[in-house]
Every structure is written in C-alpha cells, then in structure tokens.
Amino acid sequence: MEIKAPRGTRDILGEEVALWQYLEEVVRRNAHLFGYEEIRTPVFEHTELFARGVGEETDIVQKEMYTFTDKGGRSITLRPEGTAPVVRAYLEHGFFVRDPRVRWYYLGPMFRYERPQAGRMRQFHQFGFEALGFQDPACDAEIILLAWTIYRELGLSDLSLELNSIGCPLCKPHYVRRLREYLESRKDVLCENCKRRLVENPLRVLDCKNETCQAVFREASFPSIQDFLCTECRRHEERLFSLLTRLGIPFVVNPRLVRGLDYYTRTVFEVKVHTLGAQDAIGGGGRYDGLARVLGGPEVPGVGFAAGMERIVLLLERSGFPRKDAFRVYLAPQDEEGEKDLLALSQVLHEAGIPFCLDFASKNLRYHLKRAQKMGVRFVVIAGEEERKNEGFSLKDLASGEQMLLSREELLGRLRKEREAC
RNA sequence: GUGAGCGUAGCUCAACUGGUCAGAGCACUGGACUGUGGAUCCAGGUGUUGGGGGUUCAAGUCCCCUCGCUCACCCCA
C-alpha cells in the first residue's frame with residue numbers, strides 16, 4: 001500500500017467510533033447543562049491571529065504551526081488551539097457591545113507539527129470551554145467544576161489538579177525580574193536549555209524537569225510567584241481556592257506551573273493523570289484577561305479550559321469502556337420476491353425507528369445466519385417461499401434459537417418491544 | 001528538531017551462524033451444507049520480506065540511504 005495517512009494522523013473507525021461518540025455526548029450534555037453554547041470556528045485562520053494571540057515566544061508559534069500561503073498570497077495557519085479563534089469570533093461579531101458575557105464550548109481537530117508519540121498527534125482533538133466577559137473568580141471555579149464533572153462522569157480517576165496564579169501586568173514583572181536575578185546567580189548549574197530560556201522567557205525555566213534545575217527550584221530562598229502577587233491577584237486566588245474547597249474539588253498549588261501560552265493572567269491550571277507516560281496532561285486552562293486587547297479589541301476578561309480527546313480516549317479504552325451491541329435487525333431474503341418484501345419492510349422499519357441491515361438474496365440462509373451472528377445482531381427476519389404462503393415473515397432470535405412466523409403487524413410489535421427492552 | 005529501538009500476509013508472529021525461506025495460527029473467500037447460526041473438514045488471494053542502492057555465487061538475514069512506526073527528549077492536550 002503506497003498511500004498512507006500522513007504522519008501524526010490516523011483514522012478513527014470500528015468500535016473506537018462508539019467511544020468518541022460517547023465522549024462527545026458527555027461533553028455536549030454537560031456543557032449544555034452549565035449554560036455553555038457551541039461555537040464552531042474555522043479550522044484555519046490568519047497566521048497573525050496565533051502569532052499575536054498565542055504569543056511569538058511560545059513553542060507553538062515558533063516551531064509547531066502548520067502554516068502555508070494560500071493562492072491569494074495570505075499566510076494561513078491550521079489552528080493549533082481553540083482560544084484565540086474563539087476570542088477573535090467574539091470580537092469580530094461585536095459581542096462586547098451587544099452581549100458582553102458569553103459562555104461557549106467547542107469540539108474539534110487541532111493541528112501541531114510535532115514528532116508523534118503516545119497521546120500526541122499532529123492532528124488531534126480538543127474540547128474546550130471559554131467564558132468571556134466574566135472577571136469573577138467564581139467563573140474560574142465554574143470552568144474547573146465543569147471540567148471536573150466531565151472527568152468524573154467519564155469515570156476517570158487518579159487525576160490531579162494543579163493550580164497557580166501567574167499574576168497580572170502589575171505584579172508579574174516584579175516576579176520575573178526577581179526570578180531572572182536569582183537564576184542568573186545560579187546560572188552555572190542550570191542546563192543549557194534553561195540558560196537559553198533565562199534570556200528569552202524566564203518563566204518557562206520553571207517547567208524544566210532536569211534534576212539539577214529542579215534542585216535549584218527547591219532551594220529555600222528560591223522566589224515563588226505566590227509571594228509576589230499583588231493584592232487584587234491574591235484576593236482572586238484566595239477566593240478561587242475557597243470556592244474549589246467548597247465544591248469538594250481537590251487541588252494542589254504548584255508555584256512552578258506556568259503553562260505554554262503567553263496570554264494567561266492570574267489563574268492557570270492543569271489536569272494530569274499518572275498513567276499515560278510522558279504525555280500526562282489531559283486538560284488545562286486559565287484566565288486570559290489581556291488576550292482580547294492583544295487581538296485589537298477592548299479589555300475583555302476571559303477564562304477557559306481545553307482537554308485532549310485522544311488522551312482521554314486512551315484512558316477510556318484502558319478502563320474497559322462498556323460495550324453493548326446496538327439493537328439491529330438483520331433482513332435475510334431467500335429469493336428475489338423475498339428481497340422485494342424485505343426492501344418494502346425496511347421502509348416500515350425505518351419509519352418505526354428500528355435499525356436494520358438488509359442483505360441480498362444471492363446467499364443461502366446458512367450464510368445469512370452466520371453473518372448476522374458475526375455482526376452481533378440478535379434478530380433475523382426471513383422472507384421466502386414459506387413466508388409468502390402465510391403472508392408474513394419469520395423472526396428468528398439468535399440468542400434463544402426460537403423462530404416464529406408472524407404477520408407484518410405482529411413482527412413490528414415484537415421488534416418494538418424488543419428494542420424497548422434492549 | 002535531537003536520541004534510541006523496530007519494520008515479514010489484514011492481525012499475532014516463525015525462518016539457527018547469509019544457503020527449499022517465503023511459512024504457522026487467527027481472520028477472510030468459496031465449497032462439503034439447494035431454507036436454519038456458534039462446530040468440523042477441504043480448497044484458496046493471503047506477500048513487491050517498508051522502499052532504493054551496495055557487498056556476495058547466493059540477502060528477510062550484512063552495509064549505506066530513505067520512508068514509516070514506537071518510545072524518550074523538547075513541549076504540550
């Protein structure tokens with residue numbers, strides 16, 4: 001086979017589809033219950049949206065974007081994340097004057113050019129929520145509660161919620177300055193990567209998993225962002241903590257959690273799972289009060305969350321997602337007349353909302369029964385010479401083996417009842 | 001982008017140090033079985049051994065390149 005799906009992409013088919021549909025259904029239902037409405041933004045945007053919205057300094061913009069020039073000479077990028085497009089849509093449609101407070105959710109493919117590995121694809125899927133126009137920390141709590149509710153309904157356990165505040169334009173620079181000074185003084189022991197990041201983006205140094213760097217972070221005099229928060233940021237954070245505690249959502253404060261996107265202010269959080277290997281983050285988000293401004297709009301507070309669906313599906317597969325065979329009826333004609341009768345019957349079944357699968361008359365009954373069984377179908381409707389003589393259909397229950405000759409009405413009644421019981 | 005491991009049938013895997021090596025099981029298709037499933041038996045596609053080049057009398061096996069997969073780094077979802 002010469003043509004394969006491009007690297008980092010894959011087909012979702014067979015039994016896995018049911019899992020995705022289930023996940024999507026849980027997301028949609030819970031979002032709806034929390035008052036979030038769906039928004040569908042384009043899969044590609046002007047490159048500038050992400051360059052500005054996500055941040056020039058981020059890995060996403062510097063090395064992970066699928067960018068190309070279209071035939072009109074525009075620089076276009078396949079969306080690497082969902083927040084910037086959502087905020088763009090908010091601004092473009094003038095929500096800030098018309099209806100400044102919105103709660104939206106989205107669901108769909110994202111694209112990042114990276115080396116694939118477990119739980120990381122070039123085309124991957126996220127669902128996410130964005131609440132725009134709310135500056136109250138209760139909104140941060142609501143978003144986290146919604147995410148947490150979904151994880152719980154999916155039956156995912158052993159999750160940890162890490163929380164931090166990275167301040168605002170008032171207090172963050174003080175911390176960054178202090179952090180840079182401190183790291184500067186310990187530069188000799190930092191890894192090469194951190195030395196580089198120290199200049200470009202000191203906050204990202206905190207992400208380093210290198211053991212010697214970690215040792216530096218653990219030093220008693222190492223500055224913590226928590227000690228640099230301004231009064232407003234501190235109040236916001238404390239309020240969020242108390243709300244989460246009230247909601248019974250366990251969390252740990254990780255003063256070194258900074259997250260990859262430039263636009264965050266105050267609250268940042270990440271949901272991790274310990275059983276996924278290196279790609280252990282299954283969701284994350286935070287507050288981005290400055291983003292709308294960066295995109296040329298007015299000051300609009302916002303808070304959001306996004307989760308990786310591939311990673312969740314991996315967990316669901318492992319947890320033995322309950323598979324039940326869908327109710328379906330197999331139609332097995334014995335000759336061309338039977339084929340005609342069953343094709344006509346399929347119209348009636350369709351109207352009654354009973355799923356069916358019609359096979360054709362070129363095969364013998366043995367074949368049909370084998371096939372129905374392999375498909376996991378329990379009921380087989382047979383139409384042939386015998387059935388025509390009695391003006392009805394035979395219904396065979398593959399589970400019990402029993403078979404009976406029924407009129408069309410009796411058959412429909414029986415199938416309706418069986419579907420209810422299913 | 002960096003590093004490591006691995007590529008044989010749709011799937012799971014064999015083939016000792018280069019020498020009947022192109023195989024087994026599952027799955028698939030047809031038949032034994034013309035209208036009664038799970039079983040059995042028989043027959044059969046199961047394939048450019050990922051691709052290309054090289055060494056050799058001889059390459060699935062050794063060497064080089066390339067592509068892909070997997071894992072890790074990086075970073076994130």
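All figures in this text were calculated on a predicted structure; none of them were measured in a lab.
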Among the candidates [options], find the nucleotide nearest to the side-chain atoms of [X].
X	options	value
K374(A)	C76(B), A72(B), U29(B)	U29(B)
R115(A)	A72(B), G37(B), G35(B)	A72(B)
R120(A)	C74(B), G35(B), G37(B)	C74(B)
R311(A)	A72(B), C69(B), C76(B)	C76(B)
K396(A)	U34(B), A77(B), G37(B)	G37(B)
K370(A)	G38(B), C76(B), G35(B)	G38(B)
Q126(A)	G35(B), A72(B), A77(B)	A77(B)
Q334(A)	G68(B), A77(B), G35(B)	G35(B)
Q403(A)	C74(B), C33(B), U36(B)	U36(B)
E386(A)	A77(B), G35(B), G37(B)	G35(B)

Would you check if the side chain of [X] reaches a backbone N or O of [Y] as a donor-acceptor pair within less than 3.5 Å?
X	Y	result
N390(A)	E386(A)	yes
R311(A)	G119(A)	yes
S394(A)	L405(A)	no
E114(A)	P116(A)	no

Could you tell me the Watson-Crick or G-U partner of [N], where both distances fall under 3.5 Å? Say none if there is no partner.
N	answer
C69(B)	G5(B)
C57(B)	G19(B)
C11(B)	G25(B)

Any base atoms under 4.0 Å from [X], or only sugar-phosphate, or nothing? Heavy atoms, all strands.
X	result
E114(A)	base
R371(A)	nothing
G128(A)	nothing
Q62(A)	nothing
G283(A)	sugar-phosphate
L398(A)	base
D280(A)	base

L369(A) or G284(A), whichever maps to the more 5' nucleotide of RNA chain B: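 Closest to the 5' end, via its nearest nucleotide, is L369(A).
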
Here's a test of your reading of the structure: between H125(A) and V377(A), which maps to the more 5' nucleotide of RNA chain B?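 Comparing both residues, the 5'-ward one is V377(A).
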
Does G38(B) have OP1 or OP2 under 4.0 Å away from a side-chain N or O of Q373(A)?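 Answer is no, no contact under 4.0 Å.
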
Rounding to the closest angstrom, what is the interatomic distance between [N] and [M] at atom [atom1]?
N	M	atom1	answer
G7(B)	C13(B)	C1'	13 Å
C41(B)	C26(B)	P	9 Å
G25(B)	C63(B)	C1'	35 Å
G30(B)	C67(B)	P	42 Å

Distance, rounded to the nearest Å, where [X] contributes [atom1] and [N] contributes [atom2]:
X	N	atom1	atom2	answer
I382(A)	U34(B)	CD1	P	15 Å
D59(A)	A77(B)	CG	P	11 Å
F393(A)	G35(B)	CZ	C1'	16 Å
R366(A)	G30(B)	CZ	P	13 Å
Q123(A)	C76(B)	CD	C1'	17 Å
L342(A)	G35(B)	CG	C1'	14 Å
E64(A)	A77(B)	CD	P	10 Å
Y113(A)	G1(B)	OH	P	5 Å

Taking atom types as modelled and ignoring hydrogens, do the side chains of S224(A) and Q226(A) form a donor-acceptor contact shorter than 3.5 angstrom?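 There is no such pair (donor and acceptor under 3.5 Å, judged by atom type) between the side chains of S224(A) and Q226(A).
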
Hey, are K389(A) and E385(A) close enough for a salt bridge, meaning a charged N less than 4.0 Å from a carboxylate O?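 No salt bridge links K389(A) with E385(A).
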
In sequence, state the C-alpha distance, the side-chain angles, and the governing distance for Y105(A) and F34(A), and then conclude on ring-ring contact (aromatic ring centres under 6.0 Å, His included). CA-CA 10 Å; Y105(A) 79 89; F34(A) 274 75; over 10 Å; no

Taking the six-membered ring for Trp, are F251(A) and F241(A) closer than 6.0 Å centroid to centroid?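 Yes: the rings meet the under 6.0 Å criterion.
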
